[in-house]
Visitor: 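Pasting a structure here, questions to come.
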There are 2 protein chains.
Amino acid sequence: MNSRLRHDTILRHLRRSGTATVHDLAAAVGVSRRTILRDICALRGDGFTIHSESGRGGGLQLDPQSVQTTARLSVAEVFALLISVAAMRSAQNLPFSNLADAGLAKIEKSLPPDKIRDLRRMLDSLHIGQLSAHQDLSDLGPIDPALLPAFETAFLGQIPLRFHYRAASGAQTQRQVDPQALLILQPLWYLVAWDPLRTDFRHFRMDRISDPTPVQTTPFRKRHVPFAADICPYRDLAPKPAV
Amino acid sequence: MNSRLRHDTILRHLRRSGTATVHDLAAAVGVSRRTILRDICALRGDGFTIHSESGRGGGLQLDPQSVQTTARLSVAEVFALLISVAAMRSAQNLPFSNLADAGLAKIEKSLPPDKIRDLRRMLDSLHIGQLSAHQDLSDLGPIDPALLPAFETAFLGQIPLRFHYRAASGAQTQRQVDPQALLILQPLWYLVAWDPLRTDFRHFRMDRISDPTPVQTTPFRKRHVPFAADICPYRDLAPKPAV
DNA sequence: GGCTTTGGTGACAAAATTTGTCACCAAAAA
DNA sequence: TTTTTGGTGACAAATTTTGTCACCAAAGCC
């Protein structure tokens, strides 16, 4: 058994039984007492708080507060969470928001430096405010569901975004612009972008955008990729050619 | 060098150089070509998208979109993020919220089943609504900063919470209650709890609560805990006695 | 005080895993 | 056609993990 799997098994046992002795764990997992002790040591290193007591009635005890996630989020997902928390904070005073911040800070720190810079840039270009009253919202439409993934790609990767835009007059135009900022004036969301054709910045209301497509500027050459095998069980993971 | 460290090194090289050949990576990292190939295979298994091309000018390329976090959040932090996103969603339509949900779903799934149940229970007892207008908010005070950690502990662990409460009349009382639900009526937050002394449920306005202390029902025996050493470099991680 | 249980450490050999070497294949470019 | 480059299989060498054993400290029980 993999040492990683064994750690999970040990945690499961500790969670279920409350208190467990090293001897029992060794028997349950099928390894020696020494190995269990080494694993406990490693788990403590991984941030789990494990209490221990000598003598009769003693044993190991996992602090339930120290249970952690192991999820791996993409940069886009982190950004989405950042927006939620930032919007929330701007809207109202909110218990737990410090904790949410702490969590996000942890998440941020676990990303490579260039991605952290990206996230900061994104947040800097995010403006949240209140819409001035008495604005006509009668034509507020639904937001194109395809917009979200496309928009994330364009915004996070700083690559141009192409889409159809329905102006207030009803006229349809096709645009290809460089996303610059996101302006949130509840309940409206605006994309602020540089339009190279008109050599000027423009605002685009999100619910008037449709068929968004990020413009891949440096596409990878399409070709056949053979499989990987070896000991490693992840054979089919070489990205497939887009034909 | 640890294989984990080597994976990080490889990712760093790929990020910096854009395209790298297996040969170059092997030289840079100081291992054989075969090992690099095995590592690439493992990284693909870990969810990284790595493109590859044969022939002159070929090499390996890391898809920047596939970069992931490795942060490990505590259950309390996850709950805080869940609140932010839930409150956000209830307040307004919001691009990116699907993505935030997807991220949170990932995080949730990486927790053990009992913790997932806890989180669901917590979210079920979380009510978000709008305050009826014309309510007098002139005495709205700041929320006790000590409330947050104490409240989290009590709410997440379902243990009693003791605090001082300043009633609308100004009278100070000490309470010890079982937290049941959280009622959010912006900008007010209420704690709904069972008061055993009065054998009834009561509402407590969060900004009128002070000196909150979770009542530890089953404290771990205090005692001296010797250090762990061995090969594992995490010597001082056995939790210190609270004296 | 002595006995037993239980966490914890150090040292060293045994077992298991990781890594290197080598021979070779397929795709792509010069 | 030759060279470059990713990828695979097999097997020995190097390295790491694990087990064994002897022993210490703390705590409870008689």
Side-chain angles (χ1 to χ4, degrees), chain A residues 1-7 10 14 19-27 29-45 50-62 220-241, chain B residues 1-7 10 14 19-27 29-45 50-62 220-241:
Chain A
M1 185 196 274
N2 186 335
S3 79
R4 173 61 202 269
L5 283 175
R6 204 175 53 228
H7 287 186
I10 292 174
L14 281 175
T19 306
T21 67
V22 175
H23 185 88
D24 292 347
L25 282 174
V29 180
V31 294
S32 71
R33 206 175 71 100
R34 189 72 180 82
T35 302
I36 294 292
L37 280 163
R38 279 194 267 245
D39 286 341
I40 296 297
C41 189
L43 285 170
R44 282 172 173 158
I50 298 174
H51 299 274
S52 58
E53 280 196 67
S54 311
R56 275 174 203 275
L60 301 171
Q61 221 172 329
L62 172 66
F220 206 88
R221 278 181 285 170
K222 312 276 187 281
R223 54 185 296 280
H224 172 66
V225 179
F227 291 157
D230 211 277
I231 297 157
C232 142
Y234 312 110
R235 322 187 135 251
D236 305 71
L237 297 175
K240 300 295 192 308
Chain B
M1 185 197 275
N2 186 335
S3 79
R4 173 61 202 269
L5 283 175
R6 204 175 52 227
H7 287 187
I10 292 174
L14 282 175
T19 305
T21 68
V22 175
H23 185 89
D24 292 347
L25 282 173
V29 180
V31 294
S32 71
R33 205 177 71 99
R34 190 71 182 81
T35 301
I36 294 292
L37 280 163
R38 278 193 268 245
D39 287 342
I40 295 297
C41 189
L43 285 170
R44 282 173 174 156
I50 298 174
H51 299 274
S52 59
E53 281 195 65
S54 311
R56 277 172 202 273
L60 301 171
Q61 222 173 326
L62 172 66
F220 205 89
R221 277 180 286 171
K222 310 274 187 281
R223 53 184 295 280
H224 172 65
V225 179
F227 291 156
D230 211 279
I231 296 159
C232 144
Y234 311 109
R235 320 187 137 252
D236 304 72
L237 296 176
K240 300 293 192 309

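Naming: A, B, ... by sequence-line order, numbering from 1 per chain. The structure presented is a predicted model; accordingly, all values stated were derived computationally and were not measured.
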Visitor: What distance do A:L43 atom CG and A:I50 atom CD1 have between them, rounded to the nearest 0.5 Å?
Guide: 5.0 Å
Visitor: Give, for atom CD1 of B:I40 and atom CG of B:L14, the distance between the pair rounded to the nearest 0.5 Å.
Guide: 5.5 Å
Visitor: Side chain of A:R56, heavy atoms from C-beta onward: which of D:dG19, D:dG6, D:dG28 has the nearest atom to it?
Guide: D:dG28
Visitor: Just to confirm, is there a sub-4.0 Å distance from OP1 or OP2 of D:dG19 to any side-chain nitrogen or oxygen of A:S32?
Guide: yes
Visitor: Please give, in whole Å, the distance from D:dT17 P to A:D39 CG?
Guide: 11 Å
Visitor: Quick one: A:L5 CG to D:dT17 C1', roughly how many Å, whole number?
Guide: 15 Å
Visitor: For the atom pair NE2 (A:H7) and CD1 (A:I36), what is the distance rounded to the nearest 0.5 Å?
Guide: 9.0 Å
Visitor: Can you tell me how far P of D:dG7 sits from CD1 of B:I50, to the nearest Å?
Guide: 9 Å
Visitor: Would you mind reading off the distance between A:L37 atom CG and C:dT6 atom C1', rounded to a whole angstrom?
Guide: 10 Å
Visitor: So, does the side chain of A:R38 form a donor-acceptor pair with the base of D:dG19 at under 3.5 Å?
Guide: yes
Visitor: Both B:H23 and A:N2 contact DNA chain D. Taking the nearest nucleotide for each, which residue is further toward the 5' end?
Guide: B:H23
Visitor: Show, in sequence, the C-alpha distance, side-chain angles and deciding distance for A:R44 and A:S52, and conclude whether the side-chain contact (heavy atoms from CB on, under 4.5 Å) test is met.
Guide: CA-CA 12 Å; A:R44 282 172 173 158; A:S52 58; 3.5 Å; yes
Visitor: What is the distance, to the nearest angstrom, from the CG atom on B:L25 to the P atom on D:dG7?
Guide: 11 Å
Visitor: Whole-Å distance between C:dA28 P and B:L60 CG?
Guide: 15 Å
Visitor: Taking only side-chain N and O atoms of B:S52, does any of them lie within less than 4.0 angstrom of OP1 or OP2 on D:dG7?
Guide: yes
Visitor: On DNA chain D, compare the nucleotides closest to B:V22 and A:T35; which residue's is nearer the 5' end?
Guide: B:V22
Visitor: Whole-Å distance between C:dT17 P and A:R6 CZ?
Guide: 11 Å
Visitor: DNA chain C: B:R33 or B:I36, which has the more 5' nearest nucleotide?
Guide: B:I36
Visitor: To the nearest angstrom, how far is B:I40 atom CD1 from D:dT5 atom P?
Guide: 15 Å
Visitor: Where the side chain of A:S54 is concerned, which of D:dG6, D:dG7, D:dA26 is the nearest nucleotide?
Guide: D:dA26
Visitor: In sequence, state the C-alpha distance, the side-chain angles, and the governing distance for A:T19 and A:E53, and then conclude on side-chain contact (heavy atoms from CB on, under 4.5 Å).
Guide: CA-CA 10 Å; A:T19 306; A:E53 280 196 67; over 6 Å; no
Visitor: Within the structure shown, what part of the strands sits under 4.0 Å from A:A20 by heavy-atom distance: base, sugar-phosphate, or nothing?
Guide: sugar-phosphate
